[in-house]
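Numbering of ligands and ligand atoms starts at 1, following listing order.
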Amino acid sequence: MITGIIGAMDIEVKELISSMADVKKETVSGIDFYRGRLKGKDLVVARCGIGKVYAAVCAQTMILKYEPDLIINTGVAGSLSNELNIGDIVISDGVVQHDYDASPIGIPAGMIAGIDLIKIPCNEELVKKIVKAAQILKDTRVARGTVASGDQFVCCNEKKDTITNTFDALCVEMEGGAIGQVCYINNVDFCIIRAMSDKADGSAHMDFDAFVDIAVERTILIIKNFLAEL
Ligand code: ADE
């Protein structure tokens, strides 16, 4: 059993990589993959870079090269919900791509042609295990629901409201939708764990810098607990 973990930025995966034993690093298409063990479990961890194309290249390469049984996308996100504050956690039950829009040719906004889905579902058993693992965080709100992805750092209320109203999503980020789509077409289970670093509003860029570290710490705790219980 091999677990794949993908984060966009160094900060989102570096603590995991430094905690791993028997680490072997390989670079493919400029993406570093770290194969090793953590909590006695086989793991491959990669930092993909920011955005959906890097995320898709990373997920597809990981699947072909390391054959993970499941992939977890971890990192930070902008909260779209008034009930989710900075530091709170979202665990995906599915992911949408808010910037995928072929509606002028008759495909509903957000629907991914070919697989004909707007929301790509996560594996229910995996979601449940990750929600359980997140109980390790005390005094932190953990919500499960839709994650929205797109090639855009959302930092204005107008865009935030459009995504929230169209997709009923809890948070917005830039990679999960691509990883979800790649996993779906390869029949690999996936889930997204995101800690809120900002509220996707006019202060998002400043909040991101101020809170990214504390947010990341929480996702790493969940992943370590998940692996321990696997
Ligand atoms: N990742 C963290 N905050 C984000 C935001 N506001 N928009 C997109 N991705 C993010």
Problem set entry | Test side chain to side chain donor-acceptor pair (under 3.5 Å) applied to Y34 - qualifying residues, sequence neighbours left out | none

Seminar exercise, completed: Chain-and-number sorted residues having a heavy-atom contact under 4.0 Å with ligand 1 are V76, A77, G78, Q152, F153, V154, V172, E173, M174, S197, D198, A200, F208

Problem set entry | Whether T140 side chain and K138 backbone form a donor-acceptor pair below 3.5 Å | yes

Problem set entry | Under-4.0 Å salt bridge between R35 and D22 | no

For this session: Check the side chains of K199 and N85 for a donor-acceptor pair under 3.5 angstrom, ignoring hydrogens and angles.
Result: yes

Problem set entry | For D32, salt bridge (Lys or Arg N to Asp or Glu O under 4.0 Å) partners two or more places apart | K25

Problem set entry | Pair listing, salt bridge (charged side-chain N to carboxylate O under 4.0 Å, His left out) test, anchored in residues 66-83, at least two apart | E83-R141

